[in-house]
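Residues take their numbers from the sequence shown, with the count starting at 1. What you see below is based on every heavy atom in this structure, not just the backbone, and it leaves out hydrogens, waters and symmetry mates.
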Amino acid sequence: MTDDLDVNYSIAHVIIKPGKSIEPHMVKNPEVYYVLEGEGLLYIEDVPFELSKEKLVHIPANSKQHTENTGTVDLEFLAINQPSWAEENEEMLE
């Protein structure tokens with residue numbers, strides 16, 4: 001259905017459970033996180049940025065990143081990518 005919209009961005013609703021994380025990865029395009037609920041840490045090139053409700057964070061293209069839920073409730077955020085997210089533009093890191 002979204003293919004009919006003719007937009008060049010994607011929005012993903014991400015939920016990270018307490019104590020869990022998204023493994024280090026890199027995306028070829030820039031991303032923006034908008035936090036809906038919870039709290040956590042987003043590491044961009046190993047520099048920590050606090051995440052909390054209504055916070056907006058820009059992640060530059062080709063930056064190493066990973067996200068941790070440091071709170072006691074689900075960390076929920078919107079991950080906005082332009083151009084649209086594509087598997088070939090994401091690389092998982094060790």
Do [X] and [Y] touch side chain to side chain, with heavy atoms closer than 4.5 Å?
X: N69; Y: K17; result: no
X: S10; Y: N81; result: yes
X: N62; Y: M26; result: yes

So which atom in [X] and which in [Y] form the shortest heavy-atom distance, rounded to 0.1 Å?
X: A61; Y: K28; result: CB-O, 3.2 Å
X: P18; Y: G71; result: CB-O, 3.5 Å
X: A79; Y: V14; result: CB-CG2, 4.2 Å
X: V32; Y: H58; result: CG2-CD2, 4.1 Å
X: Q65; Y: V27; result: NE2-CG2, 4.0 Å

Spatial distance of atom [atom1] ([X]) from atom [atom2] ([Y]) [nearest 0.5 Å]:
X: E54; Y: Y34; atom1: CD; atom2: OH; value: 4.5 Å
X: K20; Y: T67; atom1: NZ; atom2: OG1; value: 15.5 Å
X: E45; Y: I59; atom1: CD; atom2: CD1; value: 11.0 Å
X: E31; Y: Q82; atom1: CD; atom2: CD; value: 12.5 Å

Hydrophobic cluster membership, with links at side-chain heavy-atom distances under 4.5 Å among I/L/V/M/F/W/Y: are [X] and [Y] in one?
X: Y43; Y: L75; value: no
X: Y9; Y: L36; value: yes
X: L41; Y: F49; value: no

> Looking at I22, V35, L51, which one forms a side chain to side chain contact (heavy atoms under 4.5 Å, CB included) with L42?
Replying inline: L51
>> Checking the side chain of H25 only, and the main-chain atoms of E23 only, is there a donor and an acceptor separated by less than 3.5 Å?
In response: yes
> Do side-chain atoms of D74 reach the backbone of I15 as a donor and acceptor pair under 3.5 angstrom?
Replying inline: no
>> Within the supplied structure, the quantity of interest is the number of heavy atoms (other residues, nucleotides, ligands) at a distance under 6.0 Å from E50 CD; does it exceed 12?
In response: no
>> Is there a salt bridge (Lys or Arg N to Asp or Glu O under 4.0 Å) between K53 and E37? Walk through the geometry before answering.
In response: CA-CA 5 Å; K53 188 174 181 173; E37 294 291 335; 3.3 Å; yes
